[in-house]
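Each chain gets a letter, A, B and so on, in the order the sequences are listed, and its residues count up from 1.
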Amino acid sequence: MTSIVFWLFAVVLIAAAIGVVTSRNPVYSALYLVLAFFNSAVLWILLEAEFLGITLVLVYVGAVMVLFLFVVMMLDVNVEKLKEGFTRYMPIGVLVAALVVIQIGYVVWHKKMGLELVAEPVAHPKEFSNTEALGEVLYTQYVYPFELAAVILLVAIVAAITLTMRRRPGLKAQDINKQVAADPGSRVRLVSMKAESETLPPKPGGESS
Amino acid sequence: MVDAIVSILPEFLQPLSRTLLYIVAILLPLILSVAMLTYFERKVIGHMQARMGPNRVGPLGLLQPFADVIKLLIKEILLPSSANRFLFLVAPLITLVPALAVWAVMPMTPEFVLSDINAGLLFVLALTSLGVYGVILGGWASNSKYALLGAMRSAAQIVAYEIAMGFALVGVLMASGSLNLGDIIRGQEGSILHWYWLPLLPLFMVYFISGVAETNRAPFDVAEGESEIVAGFHVEYSGAAFALFFLAEYANMILIAALTAMMFLGGWLSPFQGIPVIGDTFLGASSWFWLIFKTGFFLFCFLWFRATFPRYRYDQIMRLGWKVFIPITIIWLFVEGIMVWAHVGPWFAKYGGIS
């Protein structure tokens, strides 16, 4: 059963990954990438890594790819022009792909990598929460690398914001505090007037509307 | 009851048919509540604006939503001539499927939940963040300026408010120590003061307001602001395709209301629990009634907001999300950390000694 699910999603994953590269429409490419993320999340869940699997969907599909799509839709990308150099880089691409395939093949088929020294991982019981397990190692054993990664991300955020901060002369911005602090008494004058009491005499010369 | 029906079937069909029956048992009431919510919305807003609301179809107008559904289903689905056909038709489904799939992990009563998974809250967060794809793709595939503008607004808004929502949920996680929604509710057992709304009051506010923004409801409904961009992302949709968007929006409203009730107001727990006299009667027992009651209250708030507040301007929405809500949640997470450390109240007593 597990292997049927694995092959099903693995095949879709590879098909989606090919779709990312080959589709002519950049919006389709982004959507194929979403599909690819989804399928790899399912594969992770098959490996009992449900926290990582769901986080992959949450972060990459739910946030990163939304922004990607956002940009792709706003830009008028001419894919044909981008693809002009496709054949020119072909030899290098094939070389890299071949290297990756050989390396994976070496690990998978050539079993003299010391794999037999490591015991086969056992399936955890149903109650096992790998969120907790992950948190325990992340905040004790790997707390410094974790904090380091956090600081690097913070630096990236600050850098991105500073790049877009420009003080343009003559920019009209609203000061919300000023707006909230506005006193209605100094802006609106309420005048109490006596209501009209007498009815107007009918106009001579018939009805008018 | 489900087990009784399932036991008639042959052995090999039982697991599958049990799951299917559970799904029907969740979705059927959900879709009916969506129908009744549209009626309720029109009645409530009508009375708030000194009108009658629908009152022609059936007694008190109660059959109005069914008349609306029949009308929408028999209408023609128009395809704009320059629309991307495939994405245009798939977009409503992409919105609807996550909106319904989320309900798999929602515990309705202490016993009834379709899928009692450990990472339930994460699953909810991941799936609710997918609904935006339908909005963006629908807006883009329509090939219309208004639709595209609506889609862009919606995308930026949802990304902004998701962060505040996620941080508010981190607060709930810190209080409950579990990602399982059932365990989160069980962690609030005791009395009305044991519920998380009190220690997490700012997060509770931020979560519910972000939820209103996330579902594109007034006063955050710039994605479909009628007075600015006609109907936003679904301006080109008609008939059944429009009905799917509509169904997804209302299902999401019910979802946000139910989640708020579960995480901050104790879900199925009774407010009379722990009170001497009333608490011992049936009113003190936890049941689905309390969950529906609390959900109904938040749904009423959704409608109340819509009838009360004028629409936010787009830059004000962004300011509220990024510059107000996110700082509030981050500061409150620190405060909560101190409360956990000092074992404040009944909420954080379960954490071990100060180490």
Side-chain angles (χ1 to χ4, degrees), chain A residues 1 23 25-28 30-31 33-35 37-38 41-42 44-45 48-76 124-136 140 157 161 172-177 179-180, chain B residues 84 86-87 90-91 94 98 105 115-137 139-141 143 147-149 151-163 165-166 169 173-174 177-180 183 214 313 315-316 319-320 322-324:
Chain A
M1 183 67 196
S23 72
N25 189 333
V27 173
Y28 279 174
L31 290 175
L33 195 52
V34 168
L35 189 62
F37 279 136
F38 244 111
V42 172
W44 285 8
I45 290 175
E48 298 185 10
E50 79 263 6
F51 178 80
L52 289 179
I54 297 179
T55 314
L56 180 74
V57 173
L58 177 61
V59 175
Y60 281 92
V61 178
V64 174
M65 287 314 293
V66 171
L67 294 178
F68 250 76
L69 261 185
F70 194 92
V71 174
V72 165
M73 284 176 183
M74 299 288 269
L75 298 177
D76 190 18
H124 289 287
K126 197 182 148 207
E127 294 80 30
F128 180 79
S129 161
N130 69 38
T131 315
E132 262 178 55
L134 210 66
E136 264 164 30
T140 53
I157 293 173
I161 293 174
K172 282 181 185 162
Q174 287 166 326
D175 186 352
I176 305 275
N177 293 327
Q179 289 179 322
V180 172
Chain B
N84 184 322
F86 176 69
L87 287 181
V90 153
I94 295 181
V105 296
S115 168
D116 194 14
I117 59 172
N118 275 331
L121 201 55
L122 266 180
F123 179 80
V124 169
L125 255 184
L127 279 191
T128 47
S129 65
L130 295 185
V132 65
Y133 277 98
V135 173
I136 300 183
L137 290 178
W140 181 78
N143 209 349
L148 187 67
L149 276 175
M152 291 295 142
R153 286 176 172 200
S154 169
Q157 180 183 336
I158 287 181
V159 169
Y161 280 86
E162 212 153 70
I163 299 173
M165 256 178 132
L169 294 185
L173 290 189
M174 281 169 71
S178 170
L179 277 167
N180 182 306
D183 288 343
E214 186 99 346
R313 216 176 49 214
D315 60 313
Q316 291 170 333
R319 179 180 172 274
L320 185 71
W322 289 104
K323 294 190 183 171
V324 180

If you take all heavy atoms of [X] and [Y], which pair is closest and at what distance?
| X | Y | result |
| --- | --- | --- |
| Glu132(A) | Gly177(B) | OE2-O, 4.5 Å |
| Gly62(A) | Glu162(B) | O-OE1, 3.7 Å |
| Ala126(B) | Val57(A) | CB-CG1, 4.0 Å |

Open item on the list: At a heavy-atom distance under 4.5 Å, which candidate from Leu148(B), Asn180(B), Leu137(B) has the highest pair count against chain A?
Closed with: Leu137(B)
- [ ] State whether the number of non-hydrogen atoms from other residues, nucleotides or ligands found under 6.0 Å of Phe37(A) atom CZ is greater than 12.
- [x] yes
TODO: Answer yes or no: are there more than 12 heavy-atom neighbours, outside Tyr28(A) itself, under 6.0 Å from its atom OH?
DONE: yes
- [ ] Below 4.5 Å from any heavy atom of chain A, which atoms of Tyr133(B) appear? Answer side chain, backbone, both or neither.
- [x] side chain
Task: Part of Leu179(B) lying under 4.5 Å from any heavy atom of chain A - done: side chain
Task: Within-4.5 Å side-chain heavy-atom neighbours: Ser129(B) and Val61(A) - done: no
Task: Close side-chain approach of Phe38(A) to Leu130(B), heavy-atom, < 4.5 Å - done: yes
- [ ] Below 4.5 Å from any heavy atom of chain B, which atoms of Leu56(A) appear? Answer side chain, backbone, both or neither.
- [x] neither
Open item on the list: At a 4.5 Å cut-off on heavy atoms, which part of Ile54(A) comes close to chain B: side chain, backbone, both, or neither?
Closed with: both
Open item on the list: Using a 4.5 angstrom heavy-atom cutoff, name the option from Thr131(A), Val66(A), Val34(A) with the most pairs to chain B.
Closed with: Val66(A)
